[in-house]
Amino acid sequence: RVSGETHLKRAGQFVWEPISEKTVLRVGDQIRTGADSSAELVYFDGTRVTVASSSMLEIRELFRDSGSREQRVRERLAWGTLNASTSENEGMSSVHEVSTDEASFNARKASDFQVTRVKDSGRSEITTYSGAVSMQTGGREVAVPESTRVTVAEGRTIEKIQLVDP
């Protein structure tokens, strides 16, 4: 699903073009959304990612090997917000990673989470709604459990909040 001003820049290209609903993404592609715009990406492992308005996302890795039963999706969020919903794939080892300048966030099981990075702020935020996500920053790995929001800057956690269910 694509709405508003949503553009794609293919790997190795210099031109931003409007993205369509049927666009197949490849490693190195970048997606940029304008104000009041969004794009929903559906990956081969069933993961759904919504790139929110005023965001830029790069596809870093798309890997699936049925022989080794491994699959990985890696993205880099330059700025903005993305919401991800990962699912478990029976018999497959699956990892979905979102990285920013400040940290990387990995979901290995069914999880719903949001990553936000304000452009030029030096801060990133992860909110795990369900499941669990691990966070790597400053050479350390920590778990971000369900219903938790963590803000990181300069390679360290600067705020951790336990969310209250409504």
Side-chain angles (χ1 to χ4, degrees), residues 1-89 92-131 133-137 144 149-153:
R1 193 181 88 240
V2 176
S3 69
E5 292 184 33
T6 302
H7 293 87
L8 170 71
K9 184 169 74 167
R10 292 284 185 191
Q13 302 295 311
F14 300 102
V15 178
W16 289 95
E17 300 176 355
I19 193 169
S20 73
E21 303 256 343
K22 302 286 183 183
T23 300
V24 176
L25 298 174
R26 299 185 290 261
V27 172
D29 288 351
Q30 295 178 27
I31 299 157
R32 183 180 68 194
T33 57
D36 300 319
S37 304
S38 67
E40 182 180 53
L41 315 177
V42 180
Y43 290 104
F44 54 83
D45 63 354
T47 296
R48 292 183 175 277
V49 171
T50 301
V51 183
S53 64
S54 303
S55 299
M56 189 163 98
L57 180 75
E58 178 185 357
I59 309 302
R60 289 281 177 98
E61 181 179 23
L62 300 171
F63 175 81
R64 183 177 198 154
D65 182 1
S66 56
S68 66
R69 312 287 293 159
E70 291 181 58
Q71 52 192 17
R72 276 187 309 277
V73 172
R74 290 178 51 235
E75 303 161 317
R76 180 180 179 279
L77 182 65
W79 67 79
T81 299
L82 72 74
N83 292 287
S85 181
T86 62
S87 56
E88 289 192 51
N89 291 289
M92 295 291 282
S93 170
S94 186
V95 176
H96 188 96
E97 177 184 293
V98 179
S99 64
T100 66
D101 286 351
E102 293 74 37
S104 64
F105 310 98
N106 293 284
R108 297 184 183 278
K109 301 199 181 275
S111 300
D112 291 307
F113 62 97
Q114 178 181 76
V115 176
T116 299
R117 181 168 193 278
V118 177
K119 191 174 185 178
D120 301 322
S121 70
R123 290 180 179 219
S124 293
E125 181 179 276
I126 174 81
T127 305
T128 303
Y129 298 108
S130 66
V133 176
S134 66
M135 175 183 75
Q136 292 84 34
T137 188
V144 181
R149 175 179 299 132
V150 175
T151 304
V152 295

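Only this structure's heavy atoms are used, side chains among them; waters, hydrogens and symmetry mates stay out.
Contact annotation: the side chain of T23 approaches that of R10 to within less than 4.5 Å [non-hydrogen atoms, C-beta and beyond]. Between S38 and R1 there is a side-chain heavy-atom pair separated by less than 4.5 Å. Counting heavy atoms from C-beta outward, L25 and I31 have side chains that approach closer than 4.5 Å.
Electrostatic pairing of R64 and D45 does not count as a salt bridge here, judged by no charged N lying under 4.0 Å from a carboxylate O.
For the pair T137 (side chain) and E102 (backbone), a donor-acceptor distance under 3.5 Å is present. The backbone N or O of K119 sits nowhere less than 3.5 Å from a side-chain atom of S121 that would complete a donor-acceptor pair. Between the side chain of T86 and the backbone N or O of S111, at least one donor-acceptor pair lies under 3.5 Å. The backbone N or O of A52 sits nowhere less than 3.5 Å from a side-chain atom of T81 that would complete a donor-acceptor pair. When atom types are taken as modelled, the side chain of S37 and the backbone of A35 share a donor-acceptor pair closer than 3.5 angstrom. Checked by atom type and distance alone, the side chain of T33 pairs as donor or acceptor with a backbone atom of S54 at under 3.5 Å.
Screening E75, R108, R72 for a side chain to side chain donor-acceptor pair (under 3.5 Å) with H96, the sole residue that qualifies is E75.
We find the CZ-CD1 distance between R32 and I19 to be 11.5 Å, quoted to the nearest 0.5 Å. For the atom pair E58 CD and R76 CZ, the distance stands at 7.0 Å (nearest 0.5 Å). Rounding to the nearest 0.5 angstrom, the gap separating the CD1 atom in I126 from the OG atom in S104 is 10.5 Å. With values rounded to the nearest 0.5 angstrom, M56 atom CE is found 4.0 Å from W79 atom CH2. The OG1 atom of T6 sits 11.0 Å away from the CH2 atom of W16 when rounded to the nearest 0.5 Å. Taken to the nearest 0.5 Å, the CD atom of E17 stands 9.0 Å off from the NE2 atom of H7.
For V115 against L77, the heavy-atom pair with the smallest separation is O-CD2, 3.5 Å. Across every non-hydrogen atom of F63 and F44, the tightest pair is O-CZ, 3.3 Å. Closest approach of A84 and V49 over heavy atoms only: CB-CG2, 4.1 Å. In terms of heavy atoms, Y129 sits closest to Q114 at OH-OE1, 3.5 Å. Considering every non-hydrogen atom in both R123 and A153, the closest pair reads CG-CB, 3.9 Å.
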Run L41 and L57 through side chain to side chain contact (heavy atoms under 4.5 Å, CB included) and show every step you take. CA-CA 11 Å; L41 315 177; L57 180 75; 3.9 Å; yes
Run the side chain to side chain contact (heavy atoms under 4.5 Å, CB included) test on F113 and V144 for me, step by step, so that the C-alpha distance in whole Å, both residues' side-chain angles and the decisive distance to 0.1 Å come before the verdict. CA-CA 10 Å; F113 62 97; V144 181; over 6 Å; no
Decide side chain to side chain contact (heavy atoms under 4.5 Å, CB included) for V73 and T47; before the verdict, give the C-alpha distance in whole Å, the side-chain angles of both, and the deciding distance to 0.1 Å. CA-CA 9 Å; V73 172; T47 296; 5.8 Å; no
Checking side chain to side chain contact (heavy atoms under 4.5 Å, CB included) for the pair Y43/I59: CA distance, chi angles, key distance, verdict? CA-CA 11 Å; Y43 290 104; I59 309 302; 3.1 Å; yes
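The closest side-chain donor-acceptor pair between E125 and T116, if any, does not fall under 3.5 angstrom. The closest side-chain donor-acceptor pair between Q136 and S134 falls under 3.5 angstrom. No hydrogens or angles considered: a donor-acceptor pair under 3.5 Å links the side chains of D112 and S85.
With a 6.0 Å radius and a threshold of 12 heavy atoms from other residues, nucleotides or ligands, Q30 has its CD atom above the threshold.
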